[in-house]
Amino acid sequence: MALVELRDIRKTYHLGGEVIHALDGVDLDVDQGDFTSIIGPSGSGKSTLMHILGCLDTPSSGSMTLDGMDIHDATPRQLAKVRGEKIGFVFQFFNLLPKLSVAQNVELPLIYKGASSRERRERAMQALDLVNLEDRAKHRPSQLSGGQQQRVAIARALVNDPRIIFADEPTGNLDSHTGEMILETFCKLHEEGRTIMLVTHDPEIAALTPKKIEIRDGKIASDVDAKLSGRESRFKLNRPADT
Amino acid sequence: MNFWNTMFIGMKEIWAHKFRSLLTMLGIILGVSSLVAMSALVKGMENGMKEALVAMGGLEKVRVEFQDDLPPHQRHLTDQIPGLLMKDVYALQSGAPLVENITPIVEQHGYRTRINVTYRNKRARPWRLYGTWPGILDLEDHRVEHGRMFNEIDNEEARSVCVIGIELRNDLFGDPEKTGEEIIPIGQTIRINGQPFTIVGMFEHYMTEKEKKEKELAKLQAQQNPQGGVVRDKGRGSSGPSGYVFRLKNNSIFIPLKTMMIQFRAAAGLDEKADPRLSGIYMKVRDISLLETALQQIRNVLQVSHNGIEDWSFRTEEDLADGIQVTIKNFRMSGVIIAAIALVVGGIGIMNIMLASVSERVREIGIRKAVGATTTDIFVQIIIESLIIALIGGIMGLVVSIALVDSITAFTPTENNPVITGEAMLFAWGCSAMVGIIAGMIPAFKASKLHPIQALKYD
């Protein structure tokens, strides 16, 4: 059974008298260990799809399971728990809390999970270690560069050891060099067996991932598995991580 | 999410906006301090009034007084009025076991029949002259400071002795505060309405707490400027309603009952008979919880000895005590209303600031929700922040109230001391906590209902 299963997911908005079908019957399976990119022009519904996948939003109709759990009829409280324990988010604008230190930002999901302060500290340091930022633990997010901030966000997404990581335009706010390094980090995580979904509007970035889903007008236009189609990821993983 | 963590986050948030938080707390500070200060003032007032009640002999004291005004259905019996007599005293002694210290009084009030007390060329006007038994000491809470109280033998032999209040000494022999030397006139002979009496005892100077403080203050000031300085006007009308009891006691002369009867109530002319009537009979109830029963007992005895004619009435201190209760209640009520208004205003201030804080932290709330915070977590976080502001404000308010009460005491050192009680402080602090929680409700609800996506998109 797939890690995430979407069946006939629909999401409609009412804007004024107009009805907008942001998602119009989406079926999707994400397996354990997949590295998938969701691509599509703006307004295609890719962000909505990711919000639903990330349990930030609920579909208007359709069914969804995540890690064997029914999401479509979960309570808000259960959704919060799923977000905290099974899902990691990386946003375009980093979304770190400016008043907290780097380590405290990374600890945040653990606080809501109810972990002890010692466990939180240890796991936060481990997560920061994964993105090579353990020496910046005491800094404020504003003292870090954009790439470093995004890596803190990745550490925060990783700290709970989630089943799946969602990244919404993670490079959209970075220069191309830094963006590449962030993508490299994702590839490394993928190598380690993590499930990652990456939302982007940039076909070049989408081309780096083994799987690619194209969304157009709220529907899946194409579902390409690079391995099946004989294309390998052309991204090389031999470059050392940003220091 | 554990409680201490939320506390920590809340403290941090408040610390990040120190000035804003302080301004917000101002309402709570005012509310709590006014609540505590008001209760302290009322407590001080209550103490002053209770002091007067004790000085009058306490709640147990019952006075049976003669009254020539019969109830309407007995008006036709007016010419048969027996009056309060010694036989009533004996009847009560044997027939009313629930009361004790039954003491007859023959009274000459200073303002009804002028009493002239003279010593050599000096004259004094006592407020009252009582012919009574030594039991009056206990009934009116008197303390003899110099000499002795007259005793049963003095009474039996109708000796011309008297015990005086301190004001009479001051008038007849000189006030030690003016002359600088204290005269103890024991053994001196004074004349009461022309009759010679030997002073055998003098009561202590009865003072309210307030007067005691005034005196200490005057002493202190005298020490500070020994060159004389301002002479304080120790006007006798200075001490307010509760001071009346004390002044009355200081202006009293007591003589034995029989002496009174013989010297002032015996026949004065050929066609006048001796007047055996008493002005009143004072007594104490043994057990205050049996007051009603004791009164009924007295009533029964007097009904028999007066052939059913009600030419007497009860006076208990309950009326006074009730009056005190009502006054205190009213003052307390107005204090509570003032403090409640201040607290409500403070609560609105907190609500306002918390709403502003929630609006500017929409994004933060979105992030917290995205990483797993539940609606409850956010709700609790905002409530706790609001609660912390209120509690810190409450503590500051308590400190301010202590300072306030101290300064009230410093500015008006002669008033009844305001008393801050622990309960009042605890109550006020509890009120501030409640205000904090209630004020935090709406902002917390608003914050917790934010949708994570909208919150994340918000700039």
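Please read all numbers here as calculations on a predicted model, not as lab measurements. Here is the naming used below: chain letters follow the sequence lines, and residue numbers restart at 1 for every chain.
From A:S61, atom OG reaches atom CZ of A:R10 across 5.5 Å, with rounding to the nearest 0.5 Å. A distance of 5.5 Å separates CD1 in A:I38 from CD1 in A:I213, rounded to the nearest 0.5 Å. Here the CD1 atom belonging to B:I383 is positioned 12.0 Å from the OG1 atom belonging to B:T6, to the nearest 0.5 angstrom. Taken to the nearest 0.5 Å, the CZ atom of A:R140 stands 12.0 Å off from the CG atom of A:L96.
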Could you go through residues 397-408 of chain B and list every donor-acceptor pair under 3.5 Å that involves a side-chain atom there, pairing it with any protein atom two or more places apart or in another chain?
unit_1 : atom_1 : unit_2 : atom_2 : d
B:S401 : OG     : B:L398 : O      : 2.6
B:S407 : OG     : B:A403 : O      : 3.3
B:S407 : OG     : B:L404 : O      : 2.8

Name every donor-acceptor pair, under 3.5 Å, that has one atom in a side chain of residues 328-352 of chain B and the other anywhere in the protein, sequence neighbours excluded.
unit_1 : atom_1 : unit_2 : atom_2 : d
B:R332 : NH2    : B:E46  : OE1    : 3.4
B:S334 : OG     : B:N330 : O      : 3.3
B:S334 : OG     : B:F331 : O      : 2.8

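When each of B:T374, B:T376, B:I367, B:T375 is checked for heavy-atom pairs under 4.5 Å with chain A, B:I367 comes out on top. Counting heavy-atom pairs closer than 4.5 Å to chain B, the top-ranked of the candidates A:R156, A:E85, A:R83 is A:R83.
For the pair A:I87/A:L66, a side-chain contact is recorded, criterion being any heavy-atom separation below 4.5 Å from C-beta on. With a 4.5 Å cut-off on side-chain heavy atoms, A:M197 and A:V30 count as touching.
The interface of residues 101-110 of chain A with chain B, defined by heavy-atom distances below 4.5 Å, comprises A:Q104, A:L108, A:P109. Contacts with chain A (heavy atom to heavy atom, under 4.5 Å) involve these residues of residues 11-22 of chain B, listed by number: B:K12, B:E13, B:H17.
Screening B:I28, B:I29, B:L30 for a side-chain contact (heavy atoms from CB on, under 4.5 Å) with B:V32, the sole residue that qualifies is B:I28.
Inspection of the A:N95 and B:R363 side chains reveals an N or O donor paired with an N or O acceptor under 3.5 Å.
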